[in-house]
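Keep in mind it's a predicted model, so treat the numbers as computed, not measured. Here is the naming used below: chain letters follow the sequence lines, and residue numbers restart at 1 for every chain. Side chains are part of it too, since the values below use all heavy atoms of this structure and drop only hydrogens, waters and symmetry mates.
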Amino acid sequence: MPELPEVETIRMGLGQLLPGRTIKSVDVDANSAKSFPNASALVRKYLVGAKIIDIERRAKVLIIGLDNDYCLIIHLKMTGQLVFVGASAKTGANKSTDSAETDRWGGGHPTDSLIGALPDRSTRVTVTFTDGSHLYFNDQRKFGWIRLIPKAELPDIDFFRRVGPEPLIGTDFTWPYFRAAIGRRRNTSIKAAILDQSVVAGVGNIYADESLFATRIHPATKAGQVSPAKLKRLWQAIPEVLALAIANGGSTYKNYIDAQGGRGQYLMKYGKVFRREGQACPECGGVIEKIRVAGRGTHFCPACQKLPPAKSVSKPKPKQ
DNA sequence: CACTTGACCTGTCCGC
DNA sequence: TGCGGACAGGTCAAGT
């Protein structure tokens, strides 16, 4: 489940590994055609012989810039991985022997690999460079995708037209902006509102739950019922949580690994509620619960994060 | 337009 | 042990 911090971690890793390399070939798995639509025609025309210039990120999308004014755009969705393997490296050599429970929380050394030899059953696309190194796009559930487009057309892609401001880059994610964007969504839950990529780019299920815990807001609170003080605190907490996650290599729960197969440490070190249902709240000692909000599994502490009181006693309570 | 739900996929886990 | 179903969650299309 790569969210902004995981994608940014991959971006930084690939930024150290890919620029300067020239593509020799690109192979798409026969049963994974949707992972890279129209690849066969595009590869011959624009990819073979192209050199990688840089790696950028917008929201949860990676943009691999080529020296021919085209770029590869990649969305990992839930289970996508991008793993670089050098020409002489043996994958799987340092595959972790930690228990599954440790894997789950991103334990072990950050450079321990979570993967075996590549390509494997989940490999959808393999990029081979002229120096013999490889970039593997693995995606168990095939929701992720790779596309090739001219750089000039990037702003025209539907995803980029819709997506909201970056919370960590630039000056668009201001308090007045956030207050207005949430205000437009006052009748939905605050969690649904911050998961909405047009409100803020890059927040997914993990960081939504952690940001709402950090601000003591019940995830099911109607967006319009969050007090201005708490909303402002949430506006501050989102970039703080995301930045701390980036500093810790993102979060590994199940599938996420970085560009060299390493895990993220954030959830184990700093995670408070996500996937900790039944455990004690680190702040108050109460029991963390899991409910369903905005169609997602949602984790929170019922003692720390209370719904605001109902407006009227004569109105029936909202159904749980 | 705001908002919700289902579809896209596959691997895993849980209950019978 | 096998088997069916629920679940995981990012985004878009289609629904209310």
**Asked** Among dC3(B), dT10(B), dC12(C), which nucleotide sits nearest the side chain of R162(A)?
**Response** dC12(C)

**Asked** Where do N205(A) and E3(A) come nearest, in terms of heavy atoms and distance?
**Response** N-OE2, 3.1 Å

I'd like a table of atom pairs between the protein and nucleotides 5-8 of chain C - only N or O on both sides, under 3.5 Å - with the distance next to each one.
residue, atom, partner, partner atom, Å
dA8(C), OP1, K290(A), NZ, 2.1
dA8(C), OP2, R292(A), NH2, 2.3
dA8(C), N1, R141(A), NH2, 3.4
dA8(C), N3, R141(A), NH1, 3.1

**Asked** Do we see F143(A) stacking on the base of dC8(B), given a limit of 5.5 Å between centres and 30° between planes?
**Response** yes

**Request:** Give the rounded distance in Å between these two atoms: OH of Y207(A) and C1' of dG9(C).
**Result:** 14 Å

**Prompt:** I157(A) has an atom CD1; how far is it from atom C1' of dG10(C), in whole Å?
**Reply:** 17 Å

**Asked** Rounded to whole angstroms, how far apart are CG on D196(A) and P on dC1(B)?
**Response** 13 Å

**Prompt:** To the nearest Å, how far apart are I194(A) CD1 and dG10(C) C1'?
**Reply:** 15 Å

**Item:** Test item: K272(A) side-chain N/O and D209(A) main-chain N/O as donor-acceptor pair under 3.5 Å
**Value:** no

**Prompt:** What do you reckon, are the aromatic ring centroids of Y207(A) and Y266(A) less than 6.0 Å apart?
**Reply:** yes

**Request:** Could you measure between the two P atoms, the one in dT11(C) and the one in dT12(B), and give it in whole Å?
**Result:** 24 Å

**Request:** Answer with base, sugar-phosphate or nothing: what part of the nucleic acid does K77(A) contact at a heavy-atom distance below 4.0 Å?
**Result:** base

**Request:** Specify whether F159(A) and H75(A) have parallel, tilted or perpendicular ring planes, treating 30° as the upper limit for parallel and 60° as the lower limit for perpendicular.
**Result:** perpendicular

**Request:** Dot-bracket for DNA chain C, please, read 5' to 3', with Watson-Crick or G-U wobble pairs under 3.5 Å on both distances, ( ) within the strand, [ ] crossing, | other strand, . unpaired.
**Result:** .|||||||.|||||||

**Request:** Salt-bridge test for R21(A) and D131(A): reply yes if a basic N is under 4.0 Å from a carboxylate O, no otherwise.
**Result:** yes

**Request:** Sticking with atom P, work out how far dG11(B) lies from dC12(C), rounded to a whole angstrom.
**Result:** 25 Å

**Item:** R161(A) CZ - dT11(C) C1' separation (whole Å)
**Value:** 17 Å

**Fill in**
Whole-Å distance, I206(A) CD1 to dG10(C) P, equals 8 Å

**Prompt:** If two hydrophobic side chains count as joined below 4.5 Å and joins carry through other members, does V26(A) share a cluster with I63(A)?
**Reply:** no

**Request:** Using the six-membered ring wherever Trp is involved, compare the ring planes of H218(A) and F300(A) and label them parallel, tilted or perpendicular (cut-offs 30° and 60°).
**Result:** tilted

**Prompt:** Within the structure, does a side-chain N or O atom of T79(A) lie under 4.0 Å from either OP1 or OP2 of dG11(B)?
**Reply:** no

**Options dC12(C), dA2(B), dG10(C), nucleotide nearest the side-chain atoms of E3(A)** = dG10(C)

**Prompt:** Are any of H75(A)'s side-chain N or O atoms less than 4.0 Å away from OP1 or OP2 of dT11(C)?
**Reply:** yes

**Request:** Return no unless some side-chain N or O of Q197(A) is found under 4.0 Å from OP1 or OP2 of dT11(C).
**Result:** yes

**Message:** Tell me which one of I74(A), V83(A), L82(A) satisfies side-chain contact (heavy atoms from CB on, under 4.5 Å) with L14(A).
**Reply:** L82(A)

**Request:** Send over the distance from Y256(A) OH to dG9(C) P, rounded to a whole Å.
**Result:** 17 Å

**Item:** Spacing between L195(A) atom CG and dT5(B) atom C1', to the nearest angstrom
**Value:** 15 Å

**Message:** For residues I73(A) and L66(A): do they belong to one hydrophobic cluster (side chain heavy atoms under 4.5 Å, members Ile, Leu, Val, Met, Phe, Trp, Tyr)?
**Reply:** no

**Message:** Closest-nucleotide mapping onto DNA chain C: is G295(A) or F159(A) further toward the 5' terminus? I mean the 5' end.
**Reply:** G295(A)

**Prompt:** K34(A) side chain: which of dC12(C), dG11(B), dC9(B) is closest?
**Reply:** dC9(B)

**Asked** Can you tell me how far P in dC7(C) sits from the matching atom in dT5(B), rounded to whole Å?
**Response** 14 Å

**Asked** So is R276(A) actually on top of F274(A)'s ring, under 6.0 Å and inside 45° of the axis?
**Response** no

